[in-house]
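Quick note: numbers below take in every heavy atom, side chains included, and nothing from hydrogens, waters or symmetry partners.
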Amino acid sequence: MQSDSIYLLKVDISVDRMGVRYKLTATQIKHLRPGKYNDGGGLWLHKREGGAGQWFLRVTVHGRRREMGLGGLYDVSLAEAREEADRWRSVVRSNKDPIKERARIRKEADRGDHTLASVTAAAFKARQAELKGDGKAGRWLSPLNIHVLPKLGRVPIEEIDQQDIRNTLAPIWHEKADTARKAMNRLGIVIRYAAAMDLDVDLQATDKARALLGKQRHTAKNIPSVPWPDVPSFYASLSEPTVGNLALKFLVLTTARTTEIRFCRENEIKDDIWTIPSDRMKSGNEHRIPLPHQALEILEQAEIWQKDGYFFWSQRTVISDAAMSGIMKRRDMPERPHGFRSSFRTWCAEATDTPREIAETALAHTAGGKVERAYRRTDFLDQRRDLMQRWANHVAGKL
């Protein structure tokens, strides 16, 4: 017992005079009581109850005393602690703060994890809650996935500047103006997210890129549509009961969008009403479509293709957009499925006396101002039932 007291006394009264170092030994450390022990040169060991401990380096930088943790006693040996202390003392001699320098080095090492692709994925995940259907349809990411990430995805986001963005989007800046605009806007969101991560990014990079690219000279073009008098002949030509033909005929009759058609489920149909849930609607609001008897007949024919409750199934999943648009492409038609909404709307205006708000509601468009909509609590279901049957009769050639 007496020898232990003498041994500990020698350690405790050691002073760092004349640059004396290496005061501790590995054997001594095992028997040290809780307290702080100086190994010399600013290297200290803080021994705790239970045998654990922490190495730290005490230095003075720019007139301030700094204490820098070097690791736990169980993880870092005495020799390793001395080696680390030597390393960071050399940093102090170069008039740098070792704690800030270590943070900078770690940040540099982590830059590989902060590529544009990885930060985009994180930004998208943070934004999902405010996107329709949690963004699962992929529309938010699509402009970046197709036009930006293939070229810049592996680049650390801190290195991306306006020149990179300009060179990436220049090929589509005028030819695909809307897509380029979306890609630029979403890239700006990703860069702002990176700034919130405390990454050293240029928040003005997208604005500078816009200045370099110049004003877009794109003129918006409407999707070509089949003139409403010609719709019956086109509809009649879809005589073969393939899943693509049936889906396209159902689209023409209901004037719904392709995504709404593709994911149409049996449990959404009750009697003659098809209720499309809000997460599949562009407006974000539930939409009811009264089905004419011709549309109900199409669903009966589609039962042979039905799987997992979906009417229009093809092999492993529901049919793709190309299943319907491809029918028109193969016929060298400039028109596309979405254009039948325009065919219907023009028919309403030219061949019927349908009030505007009813025709717009049939297309799930927002009709009227905010105040008007607040007081109008109807979706004109009964009036639209008659309208959709009249449209179906026209389409099917039954006057």
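A salt bridge does not link Arg280 with Glu260: none of the charged nitrogens is closer than 4.0 Å to a carboxylate oxygen. We find that Arg21 and Asp86 are joined by a salt bridge, their nearest charged nitrogen and carboxylate oxygen being less than 4.0 Å apart. At a threshold of 4.0 Å, the pair Asp97-Arg64 counts as salt-bridged, since one of the basic side-chain nitrogens sits closer than that to a carboxylate oxygen. A salt bridge does not link Asp308 to Arg265: none of the charged nitrogens lies less than 4.0 Å from a carboxylate oxygen. Ion pairing of Asp379 with Arg384 is present here, as a side-chain N (NZ or NE/NH1/NH2) and a carboxylate O approach within less than 4.0 Å.
No option in Arg331, Arg330, Lys329 other than Arg331 meets the side chain to side chain contact (heavy atoms under 4.5 Å, CB included) test with Met333.
You'll find the ring centres of Phe344 and Trp391 inside the 6.0 Å limit. Between Trp44 and Trp55, the distance separating the two ring centers is not shorter than 6.0 angstrom.
Within the 4.5 Å cutoff, no side-chain heavy atoms of Trp228 are placed close to those of Phe340. Counting only heavy atoms from C-beta outward, the side chains of Val59 and Arg65 never approach each other to under 4.5 Å.
No continuous path of ILVMFWY side-chain contacts below 4.5 Å connects Leu381 to Ile269, so the two sit in separate hydrophobic clusters.
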- Query: Taking it one step at a time, do His365 and Arg356 satisfy side-chain hydrogen bond (donor to acceptor under 3.5 Å, both in side chains)?
  - Reply: CA-CA 11 Å; His365 286 166; Arg356 175 182 177 277; over 6 Å; no

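Looking at every heavy atom in both residues, Leu199 comes nearest to His114 through CD2-ND1, 3.3 Å.
The closest side-chain donor-acceptor pair between Thr352 and Thr354 falls under 3.5 angstrom. When only modelled atom types and interatomic distance are considered, Gln389 and Asn393 share a side-chain donor-acceptor pair under 3.5 Å.
Lys47 forms no cation-pi arrangement with Tyr37, by the criterion of a distance under 6.0 Å to the ring centre and an angle within 45° of the ring axis.
Distance alone, capped at 3.5 Å, is enough to place a donor-acceptor pair between the Thr115 side chain and the Ser118 backbone.
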